[in-house]
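The next block holds one structure in the form of structure tokens; read it before the comments.
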Amino acid sequence: MKFASCLLATAMATCTVEMIPAVSVRAEVGVAQALNAPRTNLTPSQAKTAASKLLKSIQTKNAQGIYELLATPLRSATSVDAISQRLQSAPLIESFRVGAINQGLDDTTVETVAITNSGTRELPLLLVLDDDGQLLAWKWVDTMLPIEQTALNFVKDLDAGRWVAARYYLDLDFQKEISPADLKRKWSKLERVLGGVKSIKSSLAASSSSEQQLVLVTIEFGNMTDNLFVIFNRQGRIINVDFSADLV
């Protein structure tokens, strides 16, 4: 749910499965567009096809196949050879299945499972696809980085109405811009637009640069499941969230 027209954060980074080197990307879409286009144009069938292609490429260690499924900013910052080198240490996937497909405003979250160890071990793998079905981010669900936990805590505090506690995670300069009342107003508007929060599902460290880190928090709303973009500085403090100035 890339609402913020003023959101300058961005940098796609090393993937959690350690196959794709770092890259920069921008995420920004206005609230007006979100309201006029309540779902990504990517259909569930297209998302399943894209996810299956990616998993098959990982399973067969097809670096070219993975490269072709990356979002444009990722492709411009890596190469088939770089992905091939990462694949050498990738887990051996014997089979896979695609589960739930959740369409957001302008991205799609796909829940998949990779099966290893002669079918005895299942590894949940979360994929985030852009509007064209290209890969924005992925992670093994059972892993958790410190900034992913912080992003989860931040969103859980917002959902519980703990505005002062949520504001604690913000960098001091960002705190000067947003008061607890501002957080309440923006979050409450977001809930109304998307139908209220049903569950906070997971968080995913999608990117990193020398200055910023991007975490996607997957949230199940009443009307859709979507990703909130939370931007961190290198000190692990939040410096931006995809709240738009229009959310007042």
Side-chain angles (χ1 to χ4, degrees), residues 2 10-25 27 39-117 119 121-143 145 148 201-208 214-218 225-227 229:
K2 290 161 279 188
T10 73
M12 295 294 291
T14 302
C15 172
T16 326
V17 292
E18 299 184 348
M19 293 182 188
I20 303 171
V23 61
S24 295
V25 71
R39 291 292 190 280
T40 173
N41 292 327
L42 189 71
T43 67
S45 176
Q46 290 170 329
K48 183 175 182 179
T49 297
S52 296
K53 285 182 178 178
L54 175 64
L55 289 166
K56 186 66 176 178
S57 294
I58 296 174
Q59 180 185 16
T60 59
K61 300 200 172 186
N62 179 0
Q64 181 67 43
I66 293 174
Y67 180 82
E68 292 175 356
L69 288 168
L70 301 182
T72 300
L74 274 74
R75 289 202 306 271
S76 66
T78 188
S79 67
V80 174
D81 287 342
I83 295 173
S84 181
Q85 291 177 14
R86 297 293 181 113
L87 283 170
Q88 293 177 14
S89 60
L92 179 62
I93 297 175
E94 296 167 356
S95 62
F96 60 84
R97 65 176 181 271
V98 177
I101 297 174
N102 302 299
Q103 292 176 285
L105 294 176
D106 49 13
D107 59 44
T108 299
T109 303
V110 183
E111 300 175 20
T112 73
V113 175
I115 301 171
T116 65
N117 293 351
R121 187 182 183 194
E122 296 189 349
L123 303 174
L125 179 63
L126 196 66
L127 310 176
V128 179
L129 308 176
D130 68 13
D131 201 45
D132 297 318
Q134 302 297 301
L135 184 68
L136 286 171
W138 57 3
K139 77 167 281 184
W140 299 108
V141 175
D142 291 339
T143 63
L145 299 174
E148 292 175 335
K201 304 187 71 171
S202 63
S203 61
L204 183 161
S207 62
S208 177
L214 171 62
V215 176
L216 282 63
V217 181
T218 303
T225 295
D226 213 346
N227 294 291
F229 282 49

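Here, residue 1 is the first one in the sequence, and each next residue gets the next number. FYI, side chains are in, hydrogens and waters are out, and symmetry mates aren't considered; it's all heavy atoms of this structure.
Going from atom CG of Leu127 over to atom NZ of Lys139 covers 12.5 Å, rounded to the nearest 0.5 Å. Ile83 contributes atom CD1, which lies 6.0 Å from atom CD1 of Ile66 (distance to the nearest 0.5 angstrom). Note: Glu111 CD to Thr225 OG1 = 8.0 Å, rounded to the nearest 0.5 Å. Put simply, CG on Leu87 and CG on Asn62 are 8.5 Å apart, with the number rounded to the nearest 0.5 Å. Phe96 contributes atom CZ, which lies 5.0 Å from atom OG of Ser52 (distance to the nearest 0.5 angstrom). For the atom pair CD1 of Ile93 and CD1 of Ile58, the computed distance is 5.0 Å after rounding to the nearest 0.5 Å.
A donor-acceptor pair is defined here as one N or O able to donate and one able to accept, closer than 3.5 Å; no such pair exists between the side chain of Asp107 and the backbone of Val128. Of the possible polar contacts, none joining the Gln134 side chain to the Leu129 backbone as a donor-acceptor pair under 3.5 Å is found. Within the 3.5 Å criterion, the main-chain N or O of Asn41 finds a donor-acceptor partner in the side chain of Asp131. Between the side chain of Gln103 and the backbone N or O of Leu42 there is at least one donor-acceptor pair closer than 3.5 Å.
Smallest separation of non-hydrogen atoms from Gln59 and Glu94: NE2-O, 2.7 Å. Val215 approaches Glu148 most closely through the heavy-atom pair CG1-CA, 4.3 Å. The two residues Ala47 and Thr108 come nearest to each other via the heavy atoms CB-CG2, 4.0 Å. Contact detail for Ala50 and Gly133: the closest heavy-atom pair is CB-O, 3.5 Å. Between Ala51 and Val110 the shortest heavy-atom distance is CB-CG1, 3.9 Å. The two atoms that bring Val80 and Gln64 nearest to each other are CG2-OE1, 3.1 Å, heavy atoms only.
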Output, in order, the C-alpha distance, side-chain angles, deciding distance and verdict of side chain to side chain contact (heavy atoms under 4.5 Å, CB included) for Asn102 and Lys201.
CA-CA 12 Å; Asn102 302 299; Lys201 304 187 71 171; 3.9 Å; yes

After noting the C-alpha distance and the side-chain angles of Leu216 and Phe229, does the key distance pass the side chain to side chain contact (heavy atoms under 4.5 Å, CB included) rule?
CA-CA 5 Å; Leu216 282 63; Phe229 282 49; 3.9 Å; yes

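Side-chain atoms of Leu55 and Val98, non-hydrogen and from C-beta on, do get closer than 4.5 Å to each other.
Environment of NZ in Lys48: sparse, with no more than 12 heavy atoms of neighbouring residues, nucleotides or ligands closer than 6.0 Å.
Lys53 and Glu68 are not joined by a salt bridge, as no carboxylate oxygen comes within less than 4.0 angstrom of a charged side-chain nitrogen.
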